[in-house]
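Heavy atoms only: backbone and side chains are in, while hydrogens, waters and symmetry mates are out. Counting convention: from 1, in listed order, for ligands and their atoms alike. Everything quoted here is computed from the prediction, not taken from an experiment.
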Amino acid sequence: MPAEIIDGIAIAAKVRARVAEDTAALKKRGVTPGLTAVLVGEDPASSVYVASKERACKEAGMNGRSIRLPASTTEEALLAVIDTLNNDPTVHGILVQMPVPKQISEQKVIRRIAQQKDVDGFHPFNVGKVFTGDVDGFAPCTPAGVQVMLAEAGVETSGKDAVIIGRSNIVGKPMAALLLQSGKTANCTVTLCHSKTRDLASHTRRADILIAAIGKPEMVTADMVKPGAVVIDVGINRVEDPSAPKGYRIVGDVHFESVREVASKISPVPGGVGRMTIAMLLANTVRAAQLTLEG
Ligand code: GUN
C-alpha cells in the first residue's frame with residue numbers, strides 16, 4: 001500500500017490559524033507582533049520568499065514589513081539597519097534573508113541581531129539553547145516545522161532511529177539536536193549523514209524516520225529506505241522539464257514515486273516541509289512578542 005501523505009499545507013494552515021488567534025489575543029493587550037525582513041540585493045528567489053513572508057504576516061494580523069537594500073550595500077550600513085530594528089519596540093522579529101552579497105559577513109549579521117528578536121534561530125545563543133534543550137530559545141524554522149509535522153502526523157519518535165542526510169546549520173544540525181532531546185516528538189537515536197559519509201544507504205536503511213536535507217534532486221531512492229519508514233523530504237530543487245509550462249518543475253531530495261511504495265508516511269514536494277518554514281517563522285515572531293510582555 002502506498003505511504004500516507006503528510007500534508008504540509010494542512011499542517012501549516014493549522015499552525016497559522018493558531019498564530020492568528022495568539023496575534024488577536026496580543027492585540028487586545030496592545031501589542032501587534034511585528035516581523036521585519038531585510039533583503040540585500042535583487043535575487044529573484046529571495047525576493048519571492050521575502051514577499052511571501054510579508055504577506056503571511058499580514059494574513060495572520062501581524063505587522064509584516066520588508067526593507068529592500070541594494071546589492072552594493074556595505075556591511076556597516078546593513079549592521080546599522082539591524083541596530084535600528086533591534087531598538088525598535090514595534091519590531092519583535094528580524095530576519096535578514098540569506099545569502100547576503102559577498103562584501104557582507106553572514107556571521108557578523110547573524111550575531112548582530114538581538115537574540116530575543118532572532119526568529120530565524122541562527123544566533124549562536126539560540127543555537128546553543130537548541131543544543132542544550134533550553135526551550136526558551138528560538139529553534140530554526142525548518143527543523144522546528146519538521147518536528148511539528150511528525151507530531152501532527154502521529155509519528156511515535158521515542159526510541160526510534162532517526163537518520164538525517166545533510167549537516168547544514170539551518171536544517172541538518174538543529175534537526176539532529178531537536179530529535180535528540182528528551183521530550184515530546186524527540187527521544188530519537190540520531191545519525192547525521194553528510195557528503196563524506198561512507199555507504200550512505202547502510203545508514204538510511206536502518207532509519208525508522210528518514211529526513212533528507214541535502215539539496216540533490218531525487219537522490220533518495222526506494223532501495224535506500226526501510227519498509228514502513230517515515231520519510232520527510234526537506235529538499236526543494238528545480239529540475240529542467242521541457243514538458244512543464246515553466247520549463248522546469250520542483251522536486252525534493254527523495255524520489256517520491258518509488259519511495260512512497262516503501263514508506264509508511266511521506267511528505268511530498270511541493271506541499272510538504274516548504275509550507276512549514278514560514279508558518280514556524282510566524283509562530284516564533286508571536287512568541288517573541290509574547291516574551292516582551294512577560295519581561
Ligand atoms: N535563506 C534560505 N532559507 C532561509 C531562512 O530560513 N532564513 C533566512 N534568513 N534566509 C534564508
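S47 places no side-chain N or O within donor-acceptor distance of the main-chain N or O of P44, the cut-off being under 3.5 Å. Q181 places a side-chain N or O within 3.5 Å of a backbone atom of A177 that can act as its donor or acceptor partner.
Residues T132 and D134 have side chains that never bring a donor and an acceptor to within less than 3.5 angstrom of each other. For the residue pair T142/T277, the side-chain donor-acceptor check at 3.5 Å is satisfied. Residues Q97 and K53 bring a donor and an acceptor atom of their side chains to less than 3.5 Å of each other.
What sits closest to atom 10 (N) of ligand 1 on the protein, heavy atoms only, is M98 N, 3.0 Å. Among all non-hydrogen protein atoms, the one lying nearest atom 6 (O) of ligand 1 is D120 OD1, 3.8 Å. The nearest protein atom to atom 3 (N) of ligand 1, hydrogens excluded, is given as Q97 NE2, 4.5 Å; this is a heavy-atom distance.
For ligand 1, the atoms sitting less than 4.0 Å from at least one non-hydrogen atom of V96 are 8 (C), 9 (N), numbered in the order shown with element in parentheses. Close approach of ligand 1 to L95 (heavy-atom distance below 4.0 Å) involves ligand atoms 9 (N).
Cluster membership check: I250 does not share its hydrophobic cluster with F256, using side-chain heavy-atom separations under 4.5 Å among Ile, Leu, Val, Met, Phe, Trp and Tyr.
Only side-chain heavy atoms of F122 come within less than 4.0 Å of ligand 1; its backbone N, CA, C and O stay farther off.
The closest approach between a heavy atom of I170 and any atom of ligand 1 is not below 4.0 Å.
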